[in-house]
Amino acid sequence: MTPQPATRERQRDADRTKAEILEVAQHEFARHGYAGARVDEIASLMRTTKRMIYYYFGSKEQLYIAVLEKAYAEVRAVERTVDVDHLAPVAAIRTLAELTFDHHDAHREFIKLVAIENIHRAEHIRKSEALANLGTPVLDLIERILAAGTASGEFVAEADAIDVHMMISAFCFFRVANQHTFGALFGRDMTAPEHRAHQRRMIGDMIVGYLRGAASI
């Protein structure tokens, strides 16, 4: 049976409200952490009620988990744009590295959320069914790139998908997460605009060089 117009409009309103709550909640959790963020403050910023937030998300913890699910889903969506079928292996892995760099550079709150969840030892991520297999697509993507590169003779390093994903994530994450301590210790703002193009190229060069066997030279 086709939903009536009024029903569809209510659903659109509900979806819009939930999206707005998630947006505000993401800012608050990234700014104050899980323990420090307050649902009352999120409700106030939304000009709604705490009861309304609980109606949609059930609890503060479930709201936080929903924020994490949204943040990780956005990363996976970016990764899925890599057209493995029409890119040579070197171009494909470089594209993936650069897209990850771009995403982390543009979504600083994602970095904060991941850091916060690590403080909690991934306690909340482990409770999410949606996140349980969310890492699989990017590993499948990398495996396809590695297989193509090995078959063509371009990649000679013995690397698995998790190794490569870790290398890409480590560079892109560190650059944002450690910008303040690194700047205080070494006098360089890693996220300054004048360094961006060089660093973006660097992560691609690092991954391609590693897969081509630079580490064994």
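Both backbone and side-chain heavy atoms feed into the values below; hydrogens, waters and symmetry mates do not.
Using bins of under 30°, 30° to 60° and over 60° for the plane-to-plane angle, the ring pair His103/His107 lands in the parallel bin. Ring-plane geometry between Tyr34 and Phe29 is classed as parallel, the angle between the planes falling under 30 degrees on a 0 to 90 degree scale with a further cut at 60.
Salt bridge absent: Arg200 and Asp105 never bring a charged side-chain N and a carboxylate O closer than 4.0 Å. Taking a cutoff of 4.0 Å between a charged side-chain nitrogen and a carboxylate oxygen, Glu61 and Lys127 qualify as a salt bridge. Between Glu98 and Arg201 there is no salt bridge, since no side-chain nitrogen of the basic residue lies less than 4.0 Å from a carboxylate oxygen of the acidic one.
Put simply, Leu141 and Tyr72 are part of two different groups of oily side chains (I, L, V, M, F, W, Y) that touch within less than 4.5 Å, one to the next. Placement of Met167 and Met190 in two distinct hydrophobic clusters is found when ILVMFWY residues are connected by side-chain heavy-atom separations under 4.5 Å, directly or transitively. A continuous path of ILVMFWY side-chain contacts below 4.5 Å connects Val164 to Phe171, so both sit in one hydrophobic cluster. Taken together through direct or relayed side-chain contacts under 4.5 Å among Ile, Leu, Val, Met, Phe, Trp and Tyr, Ile207 and Leu87 form part of one hydrophobic cluster. Hydrophobic clustering (side-chain heavy atoms under 4.5 Å, transitive across Ile, Leu, Val, Met, Phe, Trp, Tyr) groups Leu139 together with Val82.
For the pair Leu68/Phe110, no side-chain contact is recorded, criterion being any heavy-atom separation below 4.5 Å from C-beta on. Looking only at side-chain heavy atoms (C-beta outward), His195 and Arg188 come within less than 4.5 Å of each other. Side-chain atoms of Gln199 and Arg175, non-hydrogen and from C-beta on, do get closer than 4.5 Å to each other. Tyr54 has its side chain within reach of Val39: a pair of non-hydrogen atoms, C-beta onward, lies under 4.5 Å apart. Between Asp102 and Arg196, the closest side-chain pair of non-hydrogen atoms falls below 4.5 Å. The closest side-chain heavy-atom distance from Arg94 to Asp205 is below 4.5 Å. In this structure, Ile65 and Phe57 have side chains that are not in contact, with every pair of non-hydrogen atoms separated by 4.5 Å or more. For the pair Asp189/Phe182, no side-chain contact is recorded, criterion being any heavy-atom separation below 4.5 Å from C-beta on.
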Steps toward salt bridge (charged side-chain N to carboxylate O under 4.0 Å, His left out) verdict (Arg38, Glu28): CA-CA 8 Å; Arg38 297 173 59 247; Glu28 289 300 295; over 6 Å; no

Run the numbers on Arg108 and Gln179 for side-chain contact (heavy atoms from CB on, under 4.5 Å), then give the verdict. CA-CA 11 Å; Arg108 307 290 175 89; Gln179 60 181 293; 3.8 Å; yes

Please step through side-chain contact (heavy atoms from CB on, under 4.5 Å) for the pair Tyr64 and Ile116, ending with a clear verdict. CA-CA 11 Å; Tyr64 176 65; Ile116 290 164; 3.5 Å; yes

Evaluate side-chain contact (heavy atoms from CB on, under 4.5 Å) for Thr49 paired with Ile53, printing each intermediate quantity in order. CA-CA 7 Å; Thr49 64; Ile53 292 175; over 6 Å; no

For Leu63 and Ile42, what are the C-alpha separation, side-chain angles and deciding distance, and is it a side-chain contact (heavy atoms from CB on, under 4.5 Å)? CA-CA 11 Å; Leu63 174 60; Ile42 295 170; 4.0 Å; yes

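Using a distance-only test at 3.5 Å, with no hydrogens or angles considered, a donor-acceptor pair links the side chain of Thr181 to the main chain of Asn178. Looking only at distances, a side-chain donor or acceptor of Thr136 sits under 3.5 Å from a matching main-chain atom of Asn133. Judged purely by atom type and a 3.5 angstrom limit, Glu117 uses its side chain to pair as donor or acceptor with the backbone of Ile125. Side-chain atoms of Glu143 do not come within 3.5 Å of backbone N or O of Asp160 as any donor-acceptor pair. Remark: the backbone N or O of Ala147 is not paired with any side-chain donor or acceptor of Thr150 at under 3.5 angstrom.
Minimum interatomic distance between Lys112 and Ala30 (heavy atoms only, all atoms of both residues): CD-O, 3.6 Å. A pairwise comparison of heavy atoms in Cys172 and His104 identifies CB-CD2, 3.5 Å as the closest pair. Ala161 and Leu146 get closest at one heavy-atom pair: N-CD1, 3.9 Å. Between Ala73 and Leu134, the closest heavy-atom pair is N-CD2, 3.7 Å. Smallest separation of non-hydrogen atoms from Ala97 and Ile168: CA-CG2, 3.9 Å. Closest approach of Ala177 and Ile111 over heavy atoms only: CB-CG2, 3.6 Å.
Rounding to the nearest 0.5 Å gives a distance of 11.5 Å between OG of Ser169 and CD1 of Ile162. Remark: Asp163 CG to Tyr210 OH distance equals 5.5 Å, nearest 0.5 Å. Here OG of Ser128 is found 11.0 Å from CD of Gln62. Values are rounded to the nearest 0.5 Å. In this structure, His27 NE2 and Leu113 CG are separated by 10.5 Å, a value rounded to the nearest 0.5 Å. Taken from OG1 in Thr17 to OH in Tyr55, the straight-line distance is 10.5 Å, to the nearest 0.5 Å. Ile142 contributes atom CD1, which lies 5.5 Å from atom CD1 of Ile93 (distance to the nearest 0.5 angstrom).
Side-chain polar atoms of Ser152 and Glu154 form a donor-acceptor pair below 3.5 angstrom.
Within the structure, every pair that satisfies the salt bridge (charged side-chain N to carboxylate O under 4.0 Å, His left out) test and touches residues 76-86, not counting sequence neighbours, is listed here: Arg76-Glu79, Asp85-Arg144.
Heavy atoms from other residues, nucleotides or ligands lying under 6.0 Å from CD of Glu194 number more than 12.
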